[in-house]
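I have placed the structure first, in the form of structure tokens, so that the comments after it can refer back to it.
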There are 2 protein chains.
Amino acid sequence: MSSRGRPGATSHARIEESAFRLFAERGFDDVTMADIAAEVGVGRRTLFRYFESKNDIPWGQFASTLEHFRQILASMPVDLPLWEAVHRGVLAFNDVPDSAVPPHRDRMRLILGTPALQAHSVHQYAEWRDVIADYVARRRGLEPTDILPRTVGSVSLALAISAYEGWLADPNADLATLLDQTMTSLRGYLS
Amino acid sequence: MSSRGRPGATSHARIEESAFRLFAERGFDDVTMADIAAEVGVGRRTLFRYFESKNDIPWGQFASTLEHFRQILASMPVDLPLWEAVHRGVLAFNDVPDSAVPPHRDRMRLILGTPALQAHSVHQYAEWRDVIADYVARRRGLEPTDILPRTVGSVSLALAISAYEGWLADPNADLATLLDQTMTSLRGYLS
DNA sequence: ACACTAATGGCACCCAGCGCCACAAAGATA
DNA sequence: TATCTTTGTGGCGCTGGGTGCCATTAGTGT
């Protein structure tokens, strides 16, 4: 349990904090990794040990939240219709506590509003879809690479993103409500 | 009509040709813009006047084919159910002549099989989706930015890509058949 | 021959990202 | 206390995409 070796000079959280502050001030494209490194008070080279790329910073610890997503789906009652299990799973995964809403909004606005990030998000999206595809495959006795699981994953993603875009466009909108609306369309595919 | 000024040293088609040859030999990531420039016999700087980025080369003249897509949809009978109009439109847009199938396959295999290109394709996808969203909006008397048109666009894209992936995975598969199968799911959303 | 026009391509530069490696800071061991 | 081991740091140099600048070139029109 005891830590060995030199302690880290910073943390993912600290880097995110500084980076988001700079992004808000000057825009994502006009902030260099050197800028962020200076702000954090750490070497540029070190930043790349915490985040694989500049584009990964806005996504934060997303990859590790996917394990949670897997558990949410796995714990769905098996007697629930498949479409409803996926529907509820997506809602649960995106159910952030009230206090975390504003930063979540900022994060998603940055990601969905910056072309370079829209492109890079493909990789996160792929992993998110895989979680759904794996679940659908298990429930239906198929391979995760079969067309049905993959399609359900893709369609779910498309619907979820639509909901997010609507959420960001309307300051008064409720994310859960929008997700509930768009995800309802899933029913058509799976019945 | 008559051309004025210095004539171009190459063409989009020539660049695509050389680039695809190199990509096939060494893989997309191991070909530099300098390599392509040398192969074409033109300056590196000039390449960037024909294609905005290296990632744009595999997509070729895609942007200009979208005008064709718009016309296809616009010419659909208005008494056709919306879902069927979109369905047929997507099929028509992807109906390439037999002789053009092999290169089209190579192109799509490169795009869908190269991570860097998967990411960059987001921008082409967005324009493709907009064509559908605009059509749906016009037919339904909505704004192209409303949720329904955008969602139909996103879902159509997800379904079309699923079809393409199936097509690339099975050498004997017929693209039109696969598209027809996956696009059928659209019916559920729009009725 | 002389302008005019439009494309070329070299040059210098910025920035993301990576391999290499000397070095720093901690705990463990003696 | 001195040394060893472990682990993170961060500087250096390089590659490659992409851009601004600008002199040059190859055409057309008068």
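Below, chain A is the first sequence line, B the second, and so on; all start at residue 1.
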Seminar exercise, completed: From NE2 of H120(B) across to P of dG16(D) the rounded distance in Å is 20 Å

For this session: Strictly below 4.0 Å, heavy-atom distances to any atom of DNA chain D: list the hits from residues 48-59 of chain B, or just say none.
Result: F48(B), R49(B), E52(B), S53(B), K54(B)

Problem set entry | Donor-acceptor pair between T151(A) and S162(B) side chains, under 3.5 angstrom | yes

For this session: Give a yes or no on whether a salt bridge exists between E143(B) and R138(B), defined as a side-chain N under 4.0 angstrom from a carboxylate O.
Result: no

Exercise. Can you find a donor-acceptor N/O pair under 3.5 angstrom joining the side chain of R45(B) to the base of dG20(D)?
Worked result: yes

Exercise. Separation of D35(B) atom CG from dG16(D) atom P, in whole Å?
Worked result: 8 Å

For this session: Classify the ring geometry between F51(A) and H12(A) as parallel (under 30°), tilted (30 to 60°) or perpendicular (over 60°).
Result: perpendicular

Problem set entry | Inter-residue atom distance R129(B).CZ - Q124(B).CD, 0.5 Å rounding | 12.0 Å

Problem set entry | Whole-Å gap separating P (dC4(D)) and CZ (R4(A)) | 16 Å

Exercise. Would you call the rings of F93(B) and F62(B) parallel, tilted or perpendicular if under 30° counts as parallel and over 60° as perpendicular?
Worked result: perpendicular

Problem set entry | Criterion side chain to side chain donor-acceptor pair (under 3.5 Å) on T177(B) and D180(B), from CA distance to verdict | CA-CA 5 Å; T177(B) 305; D180(B) 193 57; over 6 Å; no

For this session: Provide, to the nearest angstrom, the distance between the CZ atom belonging to R6(A) and the P atom belonging to dA28(C).
Result: 18 Å

Seminar exercise, completed: Atom NE2 of H12(A) and atom C1' of dG8(D) are separated, to the nearest Å, by 13 Å

Seminar exercise, completed: I36(B) CD1 to dG18(D) P, in whole Å, measures 10 Å

Exercise. Taking for each residue the nucleotide of DNA chain D with the nearest heavy atom, is it R44(B) or P7(B) whose nucleotide lies nearer the 5' end?
Worked result: R44(B)

Exercise. Any side-chain N or O of T32(B) under 4.0 Å from OP1/OP2 of dG16(D)?
Worked result: no

Exercise. Parallel, tilted or perpendicular: which describes the rings of W59(B) and Y125(B), with under 30° parallel and over 60° perpendicular?
Worked result: perpendicular

Exercise. Can you check the M33(A) CE to dC14(C) C1' distance for me, whole Å?
Worked result: 15 Å

Exercise. Checking all strands, does G43(A) fall into the base, sugar-phosphate, or nothing category for heavy-atom contacts under 4.0 angstrom?
Worked result: sugar-phosphate

